[in-house]
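For ligands, and for the atoms within them, numbers begin at 1 and follow the listed sequence. All heavy atoms count here, side chains included; hydrogens, waters and symmetry mates do not. Numbers here simply count residues along the sequence, with the first being 1.
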Amino acid sequence: MTAGLYVHIPFCSSRCSYCDFATGLYQSELAERYVRGLISEIRLSRHAGETIDTIYFGGGTPSLLAPSQLERILAALYDKFEITAGSEITLEINPGSATPEKLHAFRSLGVNRASFGAQTFDDAELAKLGRSHNTADALRTFADLRDADFANVSFDLIAGLPGQTLDGWQRNIKQALDLAPEHLSFYLLEVHSGTPLAEHIRRGIQPQPDEDLAGVMYEWMIEQALAAGYEHYEISNLCKPGFQSRHNVKYWTAAPYYGFGCSAHSYDGDTRRWANYRDVLKYLEMVESGGSPVVEEQQLSQTDVRAEALFLGMRMMQGVDLRRYRESFGVDLRDKHADDLDRFCEAGLVEFDGDLIRLTRTGALLSNEVFAAFV
Ligand code: SF4
């Protein structure tokens with residue numbers, strides 16, 4: 001399978017209260033040093049010459065980079081890999097983080113997909129999340145993206161915020177659907193220990209997120225998006241026909257991907273996974289001295305590969321083909337997990353369609369429970 005590339009840009013203009021990603025505040029000198037470090041790492045890649053059809057700049061807030069910096073990173077990637085014509089090139093862009101001129105410049109460098117961190121269209125909720133933008137910024141940046149000829153835009157939306165009501169969520173989704181992006185990624189808020197949000201909840205400043213209500217929000221959103229012509233193709237992702245995230249599909253279908261930058265993860269498409277140092281300064285120390293930034297490697301056993309093929313594959317709503325699974329791994333899931341499958345079918349969490357096994361919409365909400373039984 002053709003590989004994808006991931007480039008991590010660990011800088012943001014401010015820190016959101018719920019975030020536990022490997023990211024810090026943007027400083028122009030550090031960002032420039034980091035770009036040089038990334039280019040060094042790319043030049044030393046062991047996967048030179050491989051064919052690539054997706055590139056994903058994630059973070060952090062990659063849109064804080066200057067277009068000239070993005071251009072240098074892309075030049076290093078094009079120099080090292082065989083990047084096919086028509087590759088999907090995604091840049092994560094936060095509202096208010098890029099001027100119209102900058103968006104035009106990114107587009108002219110070949111970026112053809114924007115992953116847009118809208119999160120919610122409610123100013124009070126954005127403030128509670130510590131986001132640096134408001135709804136007006138989001139609407140303006142989205143209009144600027146369209147003006148800059150971005151014809152493939154994905155919104156990130158978060159449900160289950162502390163104090164969020166169903167009514168508020170419904171207004172949010174209507175607003176998102178009115179803007180008609182090509183893709184929607186939808187997350188249930190996770191409260192990570194050590195974040196300001198976790199501390200606010202512990203001290204009673206903000207209420208606990210309501211998981212049951214988040215489930216209702218999920219179902220409601222999927223219904224509305226389906227009615228508006230979207231396909232529900234992965235547990236947390238919907239798209240207009242033809243607009244699946246080609247890069248993210250690689251993660252769920254065991255395709256190879258190579259990550260660059262601090263905290264970036266890679267997979268060779270077979271039995272090897274590896275990850276870079278999470279800390280930006282440690283990462284830079286390694287690449288600047290010509291060393292490897294890899295901090296962790298994992299050799300997968302056949303059991304691991306088999307389990308991953310199942311629980312990653314079942315994230316896709318089309319499901320897993322049991323016959324092909326048996327041919328690849330010599331395991332008949334209907335036999336091996338007969339009791340679990342009966343239980344999940346009865347509970348309406350999974351369903352069979354010929355040789356396909358897939359999650360139902362209710363099963364998608366409780367997917368961790370289903371996957372735990374299989375693993
Ligand atoms: S913009 Fe994203 S990566 Fe940056 S602090 Fe907020 S949630 Fe984290």
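For R273 and Y267, the positive end sits near the middle of the six-membered ring, less than 6.0 Å away and at most 45° from its axis. Because its NZ or CZ atom is both nearer than 6.0 Å to the ring centre of W274 and within 45° of the ring axis, R272 counts as a cation-pi partner of that residue. Under the 6.0 Å distance and 45° angle rule, R46 does not count as a cation-pi partner of Y258.
Ranking the protein heavy atoms by distance from atom 4 (Fe) of ligand 1 puts C12 SG, 2.2 Å first. Ranking protein heavy atoms by distance to atom 1 (S) of ligand 1, first place goes to N94 ND2, 3.3 Å. Nearest protein heavy-atom contact of atom 7 (S) of ligand 1 is Y18 OH, 3.5 Å. With respect to atom 2 (Fe) of ligand 1, the closest heavy atom belonging to the protein is R131 NH1, 3.9 Å. In terms of protein heavy-atom proximity, atom 8 (Fe) of ligand 1 is nearest to C19 SG, 2.3 Å.
Checked options D122, T120, T135, D167; the residue passing with N172 is T120 (criterion: side chain to side chain donor-acceptor pair (under 3.5 Å)).
Checked against a 6.0 Å centroid threshold, the rings of Y34 and Y283 count as neighbours.
Between the side chains of S97 and S63, at least one donor N or O sits under 3.5 Å from an acceptor N or O.
Considering each of C16, G130, G60, the one bringing a non-hydrogen atom nearest atom 3 (S) of ligand 1 is G60.
Atom numbering of ligand 1 starts at 1 in the shown order; those under 4.0 Å from a heavy atom of S14 are 5 (S).
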